[in-house]
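The structure presented is a predicted model; accordingly, all values stated were derived computationally and were not measured.
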Amino acid sequence: MRLLLMSDTHLPKRAKELPAQLLAELPLADVVIHAGDWVDTHTVDLLEARSRRLVGVYGNNDGPALRARLPEVARLDLDGLRLGVVHETGAAQGRELRCAQRFPDLDVLVFGHSHIPWDTTTDTGLRLLNPGSPTDRRRQPHCTYMTALVTDGRLGDVRLHRLPPRS
């Protein structure tokens, strides 16, 4: 099962549209995961229309229309892999401990908010993934997203994809 992970698209404030490279990944993914800060409902509609399965949560920049459609936390079972999605996890310092305590029932937690790619594993075995942002790199060298594979209930082949600069 192929996963496509993104967060913090901030459309149309940070970019006018999603990058073509990211859109080309949609038909290849079995599950598309968005960890919040969509900003507009059009992006949800677009991803729902083009994805086999979309799982998303709202972020701190998402207003009432998005909060009415999306949960704060999403949990799903992907062939035995217990995966969660949330927008904010707090400061980088102490993140592993906080997330392990808050989500003891998960194998993987996808989060956003910082726009900074992140891939660590807690002492309890919880894998923490932040795909960064495909539209707003902030202080990062590149806009990014992630892909991963789920095989027999295990997460593997996690890849961070760097997007070319917008013209």
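Checking side-chain atoms of His87 against main-chain N and O of Ala35 turns up a donor-acceptor pair under 3.5 Å. Not a single donor-acceptor pair under 3.5 Å links the side chain of Ser133 to the backbone N or O of Cys143.
The minimum heavy-atom distance linking Gln21 with Pro164 is given by the pair OE1-CD, 3.6 Å. Thr147 and His161 make their closest contact through OG1-NE2, 2.7 Å (heavy atoms, listed as atom of the first residue, atom of the second, distance). The heavy-atom pair separating Leu163 from Pro19 by the smallest distance is CD1-CG, 3.8 Å. The shortest non-hydrogen separation linking Leu160 to Pro131 is CD1-O, 4.0 Å.
Within 6.0 Å of CZ on Arg159 lie no more than 12 heavy atoms contributed by other residues, nucleotides or ligands. Within a 6.0 Å radius of CG in Asp152, other residues, nucleotides and ligands contribute 12 heavy atoms or fewer. In the displayed structure, Gln140 atom CD is contacted under 6.0 Å by more than 12 heavy atoms of other residues, nucleotides or ligands. Within 6.0 Å of CG in Asn60 there are more than 12 heavy atoms belonging to other residues, nucleotides or ligands.
Using a 4.5 Å heavy-atom cutoff, the side chains of Val32 and Met6 are in contact. Taking 4.5 Å as the limit, some side-chain heavy atom of Leu129 sits within range of a side-chain heavy atom of Leu155.
Between the side chains of Arg14 and Thr135, no donor-acceptor pair of N or O atoms lies under 3.5 Å. Between the side chains of Thr9 and His34, at least one donor N or O lies within less than 3.5 Å of an accepting N or O.
Not counting sequence neighbours, the partners of Glu25 by the side chain to side chain donor-acceptor pair (under 3.5 Å) test are Arg2, Tyr145.
Hydrophobic cluster membership is shared by Val44 and Leu4, with clusters built from Ile, Leu, Val, Met, Phe, Trp and Tyr side chains linked at under 4.5 angstrom.
Contact check on Asp37 versus Lys13 returns no salt bridge, with no Lys/Arg side-chain nitrogen under 4.0 Å from an Asp/Glu carboxylate oxygen.
For the salt bridge (Lys or Arg N to Asp or Glu O under 4.0 Å) test with Asp107, the passing option among Arg154, Arg127, Arg82, Arg75 is Arg82; the others fail.
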